[in-house]
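Here the structure comes first, spelled out in structure tokens, and everything after it is commentary.
Below, each value reflects all heavy atoms present in this structure, side chains not excepted, and no hydrogens, waters or symmetry copies.
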Amino acid sequence: MRLSELAQGSDAVVQEVENMTEGDPIARRLRDYGFVRGEPVRLVGRGPIGADPLLVQIGFTRFALRRAEAARVIVEKSA
């Protein structure tokens, strides 16, 4: 499942960040920010208009991501 599809308040674990193009700079930046395999992630909230942006937390750091950016992150929902 993609991070952009995760329900608000749900926890998941990052599986991979998918490149949309070769050398995708957004995917590379997401990896630099800590979206790497095995990291726990939580979808904290969604924006009021079109559910954009998404508020995502990794560790103690929160990021506001566009849905298109979050769609690059493949996650597995935590039990």
Name each donor-acceptor pair under 3.5 Å that joins a side chain in residues 39-54 to protein atoms two or more places apart or in another chain, with its distance.
| from | atom 1 | to | atom 2 | distance (Å) |
| --- | --- | --- | --- | --- |
| R42 | NE | D11 | OD1 | 2.7 |
| R42 | NH2 | D11 | OD1 | 3.4 |
| R42 | NH2 | D11 | OD2 | 3.1 |
| R46 | NH2 | S4 | O | 3.4 |
| R46 | NH2 | L6 | O | 2.5 |
| D52 | OD1 | R67 | N | 2.9 |

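- Pairing each heavy atom of L3 with each of A70, the nearest pair is CB-O, 3.4 Å.
- Residues D24 and I26 approach most closely at OD1-N, 3.1 Å, considering heavy atoms.
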Under 3.5 Å, side-chain donor or acceptor atoms of residues 28-35 against the rest of the protein: list the pairs with distances, not counting sequence neighbours.
| from | atom 1 | to | atom 2 | distance (Å) |
| --- | --- | --- | --- | --- |
| R31 | NH1 | A27 | O | 3.4 |
| R31 | NH2 | V17 | O | 3.0 |
| R31 | NH2 | N19 | OD1 | 2.9 |

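- Clustering ILVMFWY residues whenever any of their side-chain heavy atoms sit less than 4.5 angstrom apart, transitively, puts F63 in the very cluster that holds V14.
- V75 places a side-chain heavy atom less than 4.5 Å from the side chain of M1.
- For Q15 against R37, the heavy-atom pair with the smallest separation is O-NH1, 2.8 Å.
- When hydrophobic residues (I, L, V, M, F, W, Y) are linked wherever their side-chain heavy atoms come within less than 4.5 Å, F60 remains an isolated member.
- Under the side-chain hydrogen bond (donor to acceptor under 3.5 Å, both in side chains) criterion, E18 pairs with R2, not counting sequence neighbours.
- Every residue two or more places apart in sequence or in another chain was checked for a salt bridge (Lys or Arg N to Asp or Glu O under 4.0 Å) with E16, and none qualifies.
- Looking at residues two or more places apart in sequence or on another chain, you find no side-chain hydrogen bond (donor to acceptor under 3.5 Å, both in side chains) involving E5.
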